[in-house]
Each structure stands twice: as C-alpha cells, then as structure tokens.
Amino acid sequence: MRLLPLLLTACATTALPPPSQPAGGPRGLRASEHREVAHDQDELAREQRSFPVRSQLVPGDPTTGPRPMPWFRSWDPAADHERRARVHRSEAAALEADHADACGARELSQVVTSPLTRHRMGGWNTSAGVVVYLRPQAGTADTLLADLRCHRAWMMLAPTGTMDDCPLDLPGVRVDARGDEGSITLVISVADPKLVPELQRRVAKQAEQPREAQHEH
C-alpha cells in the first residue's frame, strides 16, 4: 500500500504567554494602548518567525517513490499577529488624527482641564442626565463646544489619573448648550440609560476635585 506524503512541521516546545491587554476605558483602548498592543503583536510575530520549520516526505511504494500530494495548505500564525498589529496601529493613528483635528495647536494647559471643571457654577441631576451651569467666561457657544470636543479627544490619547471621573469620557455623551449674559447652561445626557447614574456620579465627583487635580497627565 502506498502512503501519501505528509508535511511535518516542528512546533515550539514552549507556548508563548499571551500579552497582557491594556485596560482601556469606556470608549475603548487609548491611542497609546493600541500602540502597546501593536508592539506586543509584532514581538509575537517575530517569535513565530523564529520557530524552526522542517518538512519531510513519507515514502510510498519503494518501487515507484512518493506520490505527489493531492493538495497543500498552510497557516502562518505570524501573519495573524502582523495583521493585528497593523489594525491597532491604524486605530491609534485615527485617534491621534481626531485629536489633532479637535485641538489644533492648543497648548496642553488649555486641553487637560475640562471646561466643566474650569467654569462650573452649579447644577443638578435629571432623569436623563445632568444640568450644569457654567460661568460666561467659558466663551461663546462655538468656543465652549470646541473646548469640550478637544478635551474629549485628548482623553483618547493615553490614560491619565482623572479620566475615570470625567463625564465626557463616557460613550454616547450628548451636550446641548445655551447661554445668556449671566451664565451658560449645559444639558448633558448619555445614549445608554444604564449609564445615567455613572454620568451623574462623574459630574458630582468632578465638582469635588480641586482644579489642580485636573492638570495630571
């Protein structure tokens, strides 16, 4: 009886430990965390490429030699790691581009402090979220909304010590603003009703923090 030829590959004797996954936040991994995962995937790909691979044909009929293989397929784990690394680098680049678009050439000192902290006068909870009063020094409607957008984009660059208590770092946040000569009123809501208590907790917690605590980076 003839034996079909087989391709034998030498496997590593020790399995690679899975890399630790960054914690991320409610909106997913930050840009720096995506780059960290990409680096880990690159390292895994290099390790996979270093594994020795050997092939051997199992003889068939000794009078006729081995028969040709009817088909051949291969799987390259290193290519999977390289693909994941590319995906995470692309995600990081998108977050960095969003930050550049939202913040432009603003100084870091203008970005790291939330307008909700700098200009807050008071507020109260509603069934759908929170109402926050800001001082008129927060600026025009366009200036204020641009500041809010910039701060929200900045938080996706890298983890900092204040993000767990920032209401703007929740997914699905919506801000409606109106103002007059005396104050600006923000109505902050969140798309997921289950996140309303967390939104309210964060607004209350941020109101308790001294402004200096918002300058951590």
Side-chain angles (χ1 to χ4, degrees), residues 22-34 91-217:
R27 290 186 287 154
L29 296 181
R30 319 289 175 176
S32 64
E33 293 172 322
H34 277 297
E91 293 287 346
L95 292 172
E96 291 161 354
D98 184 59
H99 169 262
D101 180 63
C103 298
R106 298 183 191 212
E107 295 291 334
L108 184 62
S109 60
Q110 298 176 296
V111 174
V112 299
T113 305
S114 169
L116 300 181
T117 300
R118 288 200 307 265
H119 306 295
R120 179 187 172 97
M121 294 172 57
W124 67 88
N125 293 339
T126 69
S127 60
V130 182
V131 173
V132 178
Y133 280 138
L134 302 182
R135 296 193 305 271
Q137 287 82 355
T140 65
D142 289 341
T143 297
L144 174 58
L145 293 180
D147 287 346
L148 292 169
R149 178 175 173 239
C150 173
H151 183 70
R152 181 172 163 85
W154 169 79
M155 285 188 290
M156 289 305 293
L157 292 184
T160 72
T162 60
M163 292 179 180
D164 289 345
D165 294 322
C166 183
L168 298 177
D169 198 35
L170 290 174
V173 165
R174 176 185 174 90
V175 179
D176 296 309
R178 66 177 183 271
D180 54 36
E181 295 181 356
S183 66
I184 298 171
T185 302
L186 298 182
V187 178
I188 307 175
S189 58
V190 64
D192 185 353
K194 295 179 180 178
L195 290 178
V196 170
E198 177 62 13
L199 171 66
Q200 295 170 343
R201 183 198 71 80
R202 291 183 177 220
V203 171
K205 182 67 176 179
Q206 198 172 61
E208 297 171 359
Q209 296 174 351
R211 294 179 188 177
E212 292 77 7
Q214 298 295 319
H215 289 273
E216 299 177 6
H217 179 64

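All values reported here derive from a predicted model rather than from experimental measurement. What you see below is based on every heavy atom in this structure, not just the backbone, and it leaves out hydrogens, waters and symmetry mates.
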Can you name the closest pair of heavy atoms from [X] and [Y] and give their distance?
| X | Y | answer |
| --- | --- | --- |
| L116 | P167 | CD1-CG, 3.7 Å |
| G139 | I184 | O-CD1, 3.5 Å |
| P26 | P171 | CB-CD, 3.6 Å |
| V203 | R120 | CG1-NH1, 3.2 Å |
| L186 | A177 | CD2-CB, 3.3 Å |
| L95 | L157 | O-CD2, 4.2 Å |

Please list, chain by chain and in numerical order, all residues satisfying side-chain contact (heavy atoms from CB on, under 4.5 Å) with D192, sequence neighbours excluded.
->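 By the side-chain contact (heavy atoms from CB on, under 4.5 Å) rule, D192 matches K194, L195.
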
Under the side chain to side chain contact (heavy atoms under 4.5 Å, CB included) rule, what do L170 and R202 come out as? Steps first, then yes or no, please.
-> CA-CA 10 Å; L170 290 174; R202 291 183 177 220; 3.7 Å; yes

How long is the span from the CD atom in E107 to the OG atom in S109, to the nearest 0.5 Å?
->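 Between atom CD of E107 and atom OG of S109 there are 6.0 Å.
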
Mind checking salt bridge (charged side-chain N to carboxylate O under 4.0 Å, His left out) for [X] and listing every partner two or more places apart, or none if nothing turns up?
| X | value |
| --- | --- |
| D176 | R174 |
| E96 | R35 |
| R27 | D169 |

Under a 4.5 Å cut-off applied to non-hydrogen side-chain atoms, are C166 and H151 in contact?
->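 Yes, at least one pair of side-chain atoms sits under 4.5 Å.
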
Any side-chain heavy atom of L29 sitting closer than 4.5 Å to one from E91?
->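 They are not in contact (no side-chain heavy atoms under 4.5 Å apart), so the answer is no.
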
If a pair satisfies ring-ring contact (aromatic ring centres under 6.0 Å, His included) and one of its residues is in residues 122-150, list it, with sequence neighbours excluded.
->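 Sorted result for residues 122-150: W124-Y133.
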
For atom CD of Q137, decide whether the heavy atoms of other residues, nucleotides or ligands shown that lie under 6.0 angstrom number more than 12.
->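 Yes, because the 6.0 Å sphere around CD of Q137 holds more than 12 heavy atoms from other groups.
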
Sidechain-backbone polar pair: [X] side chain, [Y] backbone, donor-acceptor under 3.5 Å:
| X | Y | answer |
| --- | --- | --- |
| R135 | R118 | yes |
| R152 | L168 | yes |
| E33 | A158 | no |

Could you pull out every donor-acceptor pair under 3.5 Å between side chains of residues 140-149 and any protein atom, sequence neighbours left out?
{"unit_1": "T140", "atom_1": "OG1", "unit_2": "T143", "atom_2": "N", "d": "3.2"}
{"unit_1": "T140", "atom_1": "OG1", "unit_2": "T143", "atom_2": "OG1", "d": "3.0"}
{"unit_1": "D147", "atom_1": "OD1", "unit_2": "R106", "atom_2": "NH1", "d": "2.3"}
{"unit_1": "R149", "atom_1": "NH2", "unit_2": "D101", "atom_2": "OD2", "d": "2.6"}

Got a salt bridge between D165 and R201, using NZ or NE/NH1/NH2 to carboxylate O under 4.0 Å?
->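 So D165 pairs with R201 through a salt bridge.
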
